[in-house]
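A short write-up of the structure that comes next.
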Amino acid sequence: MDVIFDLKSLREKIYFWKKDGLSISFVPTMGNLHAGHLSLISGASEKADKTVVSIFVNPIQFGHGEDYEKYPSTLDHDLSKLSDESVDMVFAPNLNELYPGGIESDTRVTIPALSETLCGEFRPGHFSGVATVVMKLFNNVQPDFAFFGEKDFQQILVIRRMVEDLLLPIEVVSMPIVREIDGLAMSSRNSYLSEFERACSVEIYSVLVQAAEALKEGFKSINEIENQSVSSLVQKGFEVEYCSVRHSTDLAVPAVDNKSLVILIAAWLGDTRLIDNIRVNLA
Ligand code: PAF
């Protein structure tokens, strides 16, 4: 496994792989790797000849006052985990490598509409920050396949839209959420939870499961289901940003005949923001 920190060496390596006709899978990450990332890597390595993982905590996707400063940076630990996986190259650039002109006046990629709803409403500029760094990485890694986890459901739709609109020859592959035994979706941010908060955190998934059941039964309106879910979370001590039933392909508020739905939640437990979702097919 090669560990590369600069664009020049990355480009050289990619050039020779492409010249040899090898296909490339890419897993972009912000490090602090857990089983969710490892499942992306395992999917990625099955799909192409070469697998590249990037590790970069991207400042421009964090808003003012968010957790950029405290986001866990665990490169040595991550590299030792990755050395047991089928990974051919890790790209771990520093800030200057990806933002040579600084981050303030850098060119941004913006995906309208999809970026403005749900998480986008509460984290203005977040998805533009994600799309910009992913585009920079795509331009240099030149993958055939790019892997993302479904916990960040909205992120996947934003990236898919970017790939479609900017005509990138990349297949975006989404992988199912990996959960702890009690149902909590794996996330680097789970490490912020106190023992008490960790115990309460399982409520998000159980609320999602109950809401999905209620949707399938069809006796309650979407509004009722959303309100009931919010009340259950508030009772358990969450501060809820949103709990929303949406159409799964464009996150629009569902029309009566929409069958492919997703229920999405973002909620704070103390100082930790958690997100999760569940797909519901009514067909
Ligand atoms: O999902 C993440 O970890 C990040 O948003 C990503 C895609 C690596 C971009 O920084």
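In each ligand, atom 1 is the first atom listed, and ligand 1 is the first ligand listed.
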*In terms of side-chain heavy atoms, does Thr51 have a donor or acceptor partner in Ser25 at a distance below 3.5 Å?*
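No donor-acceptor contact under 3.5 Å links the two side chains.
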
Show me the short polar-atom pairs for ligand 1: any N or O of it lying under 3.5 Å from a protein N or O, with distances only.
residue: ligand 1; atom: 1 (O); partner: Gln155; partner atom: NE2; Å: 2.8
residue: ligand 1; atom: 5 (O); partner: Gln61; partner atom: NE2; Å: 3.0
residue: ligand 1; atom: 5 (O); partner: Gln155; partner atom: OE1; Å: 2.7
residue: ligand 1; atom: 10 (O); partner: Gln61; partner atom: OE1; Å: 2.6

*With side chains defined as the heavy atoms from C-beta onward, is the minimum distance between Tyr71 and Met30 less than 4.5 Å?*
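In short, these two side chains touch, coming nearer than 4.5 Å.
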
Could you tell me whether [X] and [Y] make a salt bridge, using a distance below 4.0 angstrom between a side-chain N and a carboxylate O?
{"X": "Arg198", "Y": "Asp182", "result": "yes"}
{"X": "Arg189", "Y": "Asp67", "result": "yes"}
{"X": "Lys81", "Y": "Asp76", "result": "no"}

*Could you go step by step and tell me if Glu164 and Arg160 meet the salt bridge (charged side-chain N to carboxylate O under 4.0 Å, His left out) rule?*
CA-CA 6 Å; Glu164 271 168 39; Arg160 277 193 202 287; over 6 Å; no

